[in-house]
Amino acid sequence: MSTHVMEQLKQLSRGTVEIFTQAELAQRLTEAAQAGRQMRIKLGLDPTSPDIHLGHTVVLRKMRQFQDLGHKAVLIIGDYTARIGDPTGQNTTRPMLTPEQIERNAQTYFEQAGKILDTDPARLEVRHNSEWLADLRLADTIRLAATMTVARMLERDTFDIRYKKGDPIGVHEFLYPLMQGYDSVMVRSDVELGGTDQTFNNLVGRDLQRVNNQPPQIVITTPILVGLDGKDKMSKSKGNYVGVTDDPANMFGKIMSISDAMMENYFTLLTSLPVEQIAELTNPNRTHPKQAKVLLGKTIVAQFHGSAAADAAAAEFDRIFAKGQLPDDMPECPVGATPILLKNLLTLCKLVETGAEAKRMVQQGGVSLDGQKAIDANAEITPRDGMILQVGKRRFARLRVQ
RNA sequence: GGACAGGUGCCCGAGCGGCUAAAGGGGAUGGGCUGUAAACCCAUUGUCGUAAGACUACGUAGGUUCGAAUCCUACCCUGUCCA
């Protein structure tokens with residue numbers, strides 16, 4: 001193995017959970033290099049939800065590494081599977097999507113993924129799996145199903161758990177891994193990327209390729225990113241996520257809220273900093289955790305918004321939270337000049353949802369007017385132009401008398 | 001097709017005729033502590049009303065009752081088992 005390939009292997013292994021198998025990857029890289037051939041790196045994506053967050057970017061970043069080494073990203077939109085809909089599983093309300101919705105979602109997804117991937121057509125190929133799945137006949141499907149056994153299906157832990165618990169498993173659910181595996185055959189993938197939750201499905205692709213006389217794809221799994229709460233996986237429904245379209249201030253603030261212990265994980269999976277540097281940064285004897293976290297926040301924000309925006313977000317954060325000062329700019333709230341009850345003013349400026357909430361906030365000492373803590377929600381306030389209203393640490397409004 | 005079990009607030013979950021705007025937990029929010037945090041502590045967590053209070057809420061629609069989340073009827077939905 002050349003030192004060149006060894007270097008690549010090292011890079012590609014970073015932040016992965018498993019590679020099936022490392023030896024095959026080394027060999028495939030070597031062969032491709034010798035033949036001057038682009039490897040085809042497959043990633044399936046679920047077009048049921050258009051928004052992507054940092055959790056999705058872990059695998060996308062891995063894809064980008066392959067692209068940077070000259071290989072081709074093959075993104076597969078699971079439009080066929082999404083169209084059928086999957087009524088079982090945890091998410092019982094998963095809706096059936098129309099082709100238009102799927103296209104729209106896929107489009108949005110690309111715009112966001114494009115912040116990480118190289119979108120040069122020479123490095124990116126996008127396919128829909130309806131291209132080949134829609135034409136399968138029942139006989140083909142049965143042949144496909146015949147390559148798998150029930151016992152092997154039941155090895156998959158999500159099935160295993162549900163089966164032992166007596167939870168229902170729809171027969172069609174057995175078909176999903178097969179369809180995804182068939183995708184691999186159709187695009188002749190060399191490598192398939194995916195989160196650890198996709199391990200089984202992706203390994204099925206290996207089997208199907210073998211059956212179809214193709215060299216089996218190498219499967220690389222990436223970790224599931226832990227959400228901001230440090231407990232569950234990052235997901236939109238849990239609300240513990242950082243969306244790639246979040247504005248810089250928000251993105252930075254969210255990252256600053258993670259616990260120190262999570263920093264190493266985020267540094268490794270979400271930045272390209274060298275491992276040695278990460279070790280320095282996450283050693284509290286060498287680097288103050290706050291400093292490290294600021295750097296983490298800036299680095300991540302910079303990926304999506306540029307470093308100027310990242311610096312600005314960090315400065316703003318420091319001003320508001322560390323120094324307790326006012327933000328650079330805040331929403332303005334147009335008001336009349338006539339006296340108004342404080343609680344009504346708060347709702348009017350949308351700092352709180354309801355009058356009841358306004359009362360609560362004031363009672364708890366979370367409301368201030370021009371820096372003066374308010375004590376009575378029913379106080380009459382005579383609006384003055386430029387007056388500053390604050391609720392909690394992060395909600396501000398500047399009054400504009402009309 | 002049949003037999004059970006169940007549908008409660010953002011989520012989980014207790015309640016099973018009045019004392020229930022509904023225990024407990026989670027989450028969220030506010031305050032304290034801090035490094036910005038996390039952990040921890042305290043508080044708040046239906047709407048409207050200055051307040052007294054009023055209104056809305058326990059799958060849906062009716063009914064019984066002075067009074068229903070709690071009882072009855074029908075319907076819808078979910079799960080398990082039998083066929």
Side-chain angles (χ1 to χ4, degrees), chain A residues 87-94 162-170 226-242 248-267 281-301 310-311 313-327 339-348 350-369 372-381 389-396:
Chain A
T88 48
Q90 301 89 324
N91 196 351
T92 47
T93 54
R94 183 187 284 189
R162 285 160 64 193
Y163 190 64
K164 283 184 178 144
K165 259 180 68 185
D167 286 346
I169 300 172
V226 176
L228 298 172
D229 56 12
K231 288 199 290 265
D232 297 309
K233 73 171 186 180
M234 184 173 281
S235 80
K236 197 176 176 188
S237 56
K238 287 271 179 201
N240 61 357
Y241 71 103
V242 180
N250 238 313
M251 202 179 249
F252 188 82
K254 284 183 182 178
I255 290 161
M256 289 305 277
S257 79
I258 66 171
S259 74
D260 294 352
M262 291 167 65
M263 280 199 288
E264 183 173 5
N265 188 249
Y266 273 38
F267 265 123
L281 287 165
T282 52
N283 178 348
N285 296 324
R286 305 300 301 267
T287 313
H288 191 289
K290 170 161 183 195
Q291 243 184 306
K293 211 176 285 176
V294 168
L295 179 66
L296 176 66
K298 278 193 194 177
T299 309
I300 292 174
V301 173
D311 289 342
E316 179 95 338
F317 185 90
D318 186 60
R319 193 172 330 137
I320 299 174
F321 294 97
K323 303 209 174 75
Q325 293 171 353
L326 297 171
I340 179 170
L341 294 184
L342 177 55
K343 63 177 183 180
N344 293 336
L345 185 62
L346 290 171
T347 41
L348 180 71
K350 301 208 170 58
L351 293 173
V352 294
E353 299 276 326
T354 62
E357 190 188 350
K359 276 198 283 191
R360 255 179 257 135
M361 287 301 157
V362 173
Q363 245 162 38
Q364 294 177 141
V367 175
S368 66
L369 255 172
Q372 284 284 331
K373 187 173 282 189
I375 46 168
D376 181 10
N378 293 317
E380 282 221 325
I381 306 296
L389 218 50
Q390 181 175 1
V391 176
K393 287 194 181 77
R394 59 183 62 175
R395 278 173 274 176
F396 300 91

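Note that the coordinates shown come from a computational prediction; the quantities given were computed from them, not determined experimentally. Just so we're on the same page: letters track the sequence lines, and every chain starts at 1.
- B:A69 and B:G79 are spaced 28 Å apart, taking the P atom of each and rounding to whole Å.
- One can place CG of A:N378 at 11 Å from P of B:A52, the figure rounded to the nearest angstrom.
- Partners of A:R319 according to the salt bridge (Lys or Arg N to Asp or Glu O under 4.0 Å) rule, which considers only residues two or more places apart in sequence or in another chain, are A:E316, A:D328.
- No hydrogens or angles were tested; on distance alone, nothing pairs the side chain of A:K343 with the base of B:G49 as donor and acceptor under 3.5 Å.
- Every residue meeting the side-chain hydrogen bond (donor to acceptor under 3.5 Å, both in side chains) condition with A:D318, not counting sequence neighbours, appears here in chain and number order: A:K323.
- Partners of A:D229 under the side-chain hydrogen bond (donor to acceptor under 3.5 Å, both in side chains) rule, at least two apart in sequence or in another chain, are A:N240.
- Separating the C1' atom of B:G67 from that of B:U20 is a span of 13 Å, rounded to the nearest Å.
- Rounded to an integer number of Å, the gap from CE of A:M361 to P of B:G31 is 8 Å.
- Residues passing the side-chain hydrogen bond (donor to acceptor under 3.5 Å, both in side chains) test with A:D260, sequence neighbours excluded: A:K293.
- Rounded to whole Å, the separation between the P atoms of B:U34 and B:U44 comes to 24 Å.
- Here the C1' atom of nucleotide B:A28 and the CD atom of A:E353 are 12 Å apart, to the nearest Å.
- Taking atom CD1 of A:I375 as the reference point, atom C1' of B:G31 lies 16 Å away to the nearest angstrom.
- Interatomic distance, A:I340 CD1 to A:T347 OG1, rounded to the nearest 0.5 Å: 7.0 Å.
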Both distances under 3.5 Å, Watson-Crick or G-U wobble: on that basis, could you give the dot-bracket string for RNA chain B, with [ ] for crossing pairs and | for other-strand partners? ((((((((.[[[..)..(.....]]]((((((.......))))))(((....)))...[[[[[..)....]]]]]))))))).
Base, backbone or nothing for each nucleotide of nucleotides 33-46 of chain B, written B, S, -, heavy atoms under 4.0 angstrom, 5' to 3'? --BBBS----BSS-
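- Distance, A:E380 CD to B:U50 P: 11 Å, rounded to whole Å.
- For the atom pair A:K373 NZ and A:Q390 CD, the distance stands at 11.0 Å (nearest 0.5 Å).
- As a whole-Å value, the separation of A:L346 CG from B:U29 C1' is 14 Å.
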Pull out every protein N or O sitting under 3.5 Å from an N or O of nucleotides 9-12 of chain B, one pair per line with the distance.
none

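- Each of A:L341 and A:G366 was assigned the nucleotide of RNA chain B with the nearest heavy atom; the assignment lying further toward the 5' end belongs to A:G366.
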Report, one line per pair, each donor and acceptor closer than 3.5 Å where one atom sits in a side chain of residues 353-367 of chain A; sequence neighbours left out.
from: A:T354; atom 1: OG1; to: A:E357; atom 2: N; distance (Å): 3.1
from: A:E357; atom 1: OE1; to: A:E353; atom 2: N; distance (Å): 2.9

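- Atom CD1 of A:I340 and atom P of B:G49 are 11 Å apart (whole Å).
- Nucleotides B:G53 and B:U64 place their P atoms 31 Å apart, quoted to the nearest Å.
- Spacing of C1' atoms, B:A21 relative to B:C55, comes out at 12 Å, to the nearest Å.
- Expressed to the nearest 0.5 Å, how far CG of A:L341 lies from CG of A:D376 amounts to 9.0 Å.
- For A:R395, a side-chain nitrogen or oxygen approaches OP1 or OP2 of B:G30 to under 4.0 Å.
- For the C1' atoms, the distance linking B:C19 with B:G32 amounts to 35 Å, nearest Å.
- Once rounded to the nearest 0.5 Å, the distance linking CG of A:L342 with CG of A:L348 reads 11.5 Å.
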Might you list the N or O atoms of the protein lying below 3.5 Å from N or O atoms in nucleotides 54-57 of chain B, with each pair's distance?
none

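- Here the CG atom belonging to A:L295 is positioned 4.5 Å from the CZ atom belonging to A:F267, to the nearest 0.5 angstrom.
- Taking atom C1' on both B:U78 and B:U8, the two are 15 Å apart, rounded to the nearest angstrom.
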For residues 281-288 of chain A, run the donor-acceptor check on the side chains, cut-off 3.5 Å, and write out each pair with its distance to 0.1 Å, sequence neighbours left out.
from: A:T282; atom 1: OG1; to: A:I278; atom 2: O; distance (Å): 2.8
from: A:N283; atom 1: OD1; to: A:N285; atom 2: N; distance (Å): 2.9
from: A:R286; atom 1: NH1; to: A:E280; atom 2: OE2; distance (Å): 3.2
from: A:R286; atom 1: NH2; to: A:E280; atom 2: OE1; distance (Å): 3.3
from: A:T287; atom 1: OG1; to: A:E280; atom 2: O; distance (Å): 2.8
from: A:H288; atom 1: ND1; to: A:K290; atom 2: N; distance (Å): 2.9

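- Take A:K254 and apply the side-chain hydrogen bond (donor to acceptor under 3.5 Å, both in side chains) test, not counting sequence neighbours, and it matches A:D246.
- Looking at residues two or more places apart in sequence or on another chain, you find a ring pair (Phe, Tyr, Trp, His ring centres under 6.0 Å) between A:F252 and A:F317.
- Nucleotides B:G31 and B:C76 place their C1' atoms 46 Å apart, quoted to the nearest Å.
- Rounded to an integer number of Å, the gap from A:L228 CG to B:G27 P is 14 Å.
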